[in-house]
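Reminder, nothing fancy here: chain letters follow the sequence lines and each chain counts from 1.
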Protein chains: 2
Amino acid sequence: MLNGKAAERKISVETVQRVLAAAKDVNYTPNALARGLRQKKTHAIGVVFPHLRNDWAHLIMRGVVEELGASETVPMIVCHHGDAELEARLLRSLVERRVDGIICNPLRNGMDRYRDVVRRGVPLIFLGDAPKGLDEIPCSAWDPAAVHLAVEHLLALGHRRIVYLGSRDNRVISEARRHVFWDSLRQAGLSPSRRDIILSSTSEDVGDGPLELLRGENPPTAFFVEYDDQAVSLYQLLDDAGVACPRNVSIATMGGSPRSVSAGCCLTTVSAPVVDEGRACAQRLMSMIDEPEHKPERAYVHGGSLLVGQTTGPVANSKPGSRGTP
Amino acid sequence: MLNGKAAERKISVETVQRVLAAAKDVNYTPNALARGLRQKKTHAIGVVFPHLRNDWAHLIMRGVVEELGASETVPMIVCHHGDAELEARLLRSLVERRVDGIICNPLRNGMDRYRDVVRRGVPLIFLGDAPKGLDEIPCSAWDPAAVHLAVEHLLALGHRRIVYLGSRDNRVISEARRHVFWDSLRQAGLSPSRRDIILSSTSEDVGDGPLELLRGENPPTAFFVEYDDQAVSLYQLLDDAGVACPRNVSIATMGGSPRSVSAGCCLTTVSAPVVDEGRACAQRLMSMIDEPEHKPERAYVHGGSLLVGQTTGPVANSKPGSRGTP
DNA sequence: ATGAAAGCGCTAACAT
DNA sequence: ATGTTAGCGCTTTCAT
């Protein structure tokens, strides 16, 4: 009767009222542990974030909550601040608490942890990116084709030597972005070289590579940066070195959501459809939970648009070293 | 033996190894639901946020995680996006899942929900602020005395008519800030009037009140704004109306953490010791859980420092209408 | 239709 | 010291 099936079982309204009143009197609180233990279902999913910065997790959760909607399932967020050991503990904890499924923005080096989760029978889906070599685990991510928008923009401004700054992070989307970058340049009739792609070891920092390039021969006139955190680092690096940013070198990047960008320093960026990513991820996880038989593949969330900020501009004509258009 | 009490029980290393191997073989996963049901303890606490924006939740969680440290307790974050009904569902869910305690940044109008939580026997502590009239529920919050720093700053710049912009939000810290503001002005020998305190209905927006004031007689030369979200609104309002911000009117505010401020438009703000707030809150909740007998009172987290941005400057001398210093 | 009983997986208490 | 059992609170199943 406390299940809300009163009408269906033809119980008088009066009785229902009485029971509900009694329940309130004794302060009755259903025990979700007992229920979960019995039903083998907790109506909770875990959402694992490395951090809650820059509104990213906020927007993801908007999508997740929207998708879950009136469903009884509750998203439980955990956050490990990039600490691999903590991530492991949190994942174990979620699994032991028998969440119905897990959404996880993965760390690069967590392969065994993620495998462990699925081995224990908990549906897992990656959010945003996926470690390479874990193709059996599905992933909802932003379509890397969006890279094209930024490259087009730089090409339209006359840039011909564009250097890609990324991170050596062993993830599939990260790699896919490099391919799109490469293809975009080739489609434009350029012949990018292997050395135009510089990978640093973290996804926040860029090394000194960019400065050396600028001081060398045939310096790039623009950088395409894989993650916006890195772009901010680059901007500051250039600023400290006295390189004027839109004038001498342009910077375009990926992943800024409209909100975080308008609040921050105005990078030219391709905005990510973050809410949609969250929604798609939740939707697919729920279907994995409902129908464990068919495994979804990797799926891309399309969308995003170029936000032209103050870090891109036409090629400086002052230096005659630039090669002409083909 | 799976409890890690092997040494203490003098079980041979070999046996331990064998058991662990067996456990791995059968893919044994302890069931936290059963354990929680039996022990009446889940080693989980709930953390309830209205939103995950601006790094605030991020920094709070740094403090919480630091404090929980090696303890087995896991913080489960939920986020309701300001939706009161969703907050109610999430709180119920946490209670029914028998979390050991709850940290909650409260909404203004959630009194009955919060009361309900404690009536069901779950330790609850408010984070950052507390609804008025719920003094039985403890609260960890930033010491409102920090308001003084901002007011001092404005006074030192020569401002004598400073208007307080806050929100009618029926919370204790919010009110305390007004008192500190008032006292700071009195201490400086000024006689603030009731009409120098303007309250709007939301904590993000300011009405048109500020503009009207500026156009009226004896206009203020500075605003002290209770929350930084409001300060941003005010800044834009003034900007749209063509009022130059540091030149004609100064704005100082509260609550910006160093990070979010440096990324955003450079408001003059008093930075909040957000990580410490998180730590203090977690620490006190844990002690409430361990010793349910003595209830902690409200406690303030001290700290924070003035970050002088680009929205405060000396009083414009152009208008002779300003009263002289007493 | 209604009620009784079994059992989910664990641990604390008890008995050996 | 070691093994056994009862029971946490719920739902499902089986018997009436």
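- Under 4.0 angstrom from either OP1 or OP2 of dA12(C) there lies at least one side-chain N or O belonging to Gln39(B).
- Side-chain N/O atoms of Ser201(A) and Arg168(A) include no donor and acceptor closer than 3.5 Å.
- Over its full length, the helix from dA1(C)-dT16(D) to dC14(C)-dG3(D) turns its helical axis through 50°, comparing axes from the five pairs at each end and rounding to 10°.
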Side-chain donor-acceptor distances from residues 60-67 of chain A under 3.5 Å, at least two apart:
{"unit_1": "Arg62(A)", "atom_1": "NH1", "unit_2": "His81(B)", "atom_2": "ND1", "d": "3.3"}
{"unit_1": "Glu66(A)", "atom_1": "OE1", "unit_2": "Arg279(A)", "atom_2": "NH1", "d": "2.1"}

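- Lys132(A) pairs by the side-chain hydrogen bond (donor to acceptor under 3.5 Å, both in side chains) definition with Glu175(A), not counting sequence neighbours.
- In this view, Asn31(B) satisfies the side-chain hydrogen bond (donor to acceptor under 3.5 Å, both in side chains) rule with no residue, not counting sequence neighbours.
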Under 3.5 Å donor-acceptor pairs involving side-chain atoms of residues 37-49 of chain A, not counting sequence neighbours:
{"unit_1": "Thr42(A)", "atom_1": "OG1", "unit_2": "Arg98(A)", "atom_2": "O", "d": "2.8"}
{"unit_1": "Thr42(A)", "atom_1": "OG1", "unit_2": "Asp100(A)", "atom_2": "OD1", "d": "3.3"}

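- In terms of the side-chain hydrogen bond (donor to acceptor under 3.5 Å, both in side chains) criterion, residue partners of Asp135(A) (sequence neighbours excluded) are, by chain and number, Arg298(A).
- Residues forming a side chain to side chain contact (heavy atoms under 4.5 Å, CB included) with Ala84(B) (at least two apart in sequence, or on another chain): Leu107(B), Arg113(B).
- Under the rule for a side-chain hydrogen bond (donor to acceptor under 3.5 Å, both in side chains), the partners of Ser174(B) that lie at least two apart in sequence or sit in another chain are Asp169(B), Arg178(B), Glu226(B).
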Restricting to nitrogen or oxygen on both sides, can you table the protein-nucleotides 6-9 of chain D pairs closer than 3.5 Å?
{"unit_1": "dG7(D)", "atom_1": "N2", "unit_2": "Arg38(B)", "atom_2": "NH1", "d": "3.4"}
{"unit_1": "dC8(D)", "atom_1": "O3'", "unit_2": "Lys40(B)", "atom_2": "NZ", "d": "3.0"}
{"unit_1": "dG9(D)", "atom_1": "OP1", "unit_2": "Lys40(B)", "atom_2": "NZ", "d": "3.2"}
{"unit_1": "dG9(D)", "atom_1": "N2", "unit_2": "Ala34(A)", "atom_2": "O", "d": "3.4"}

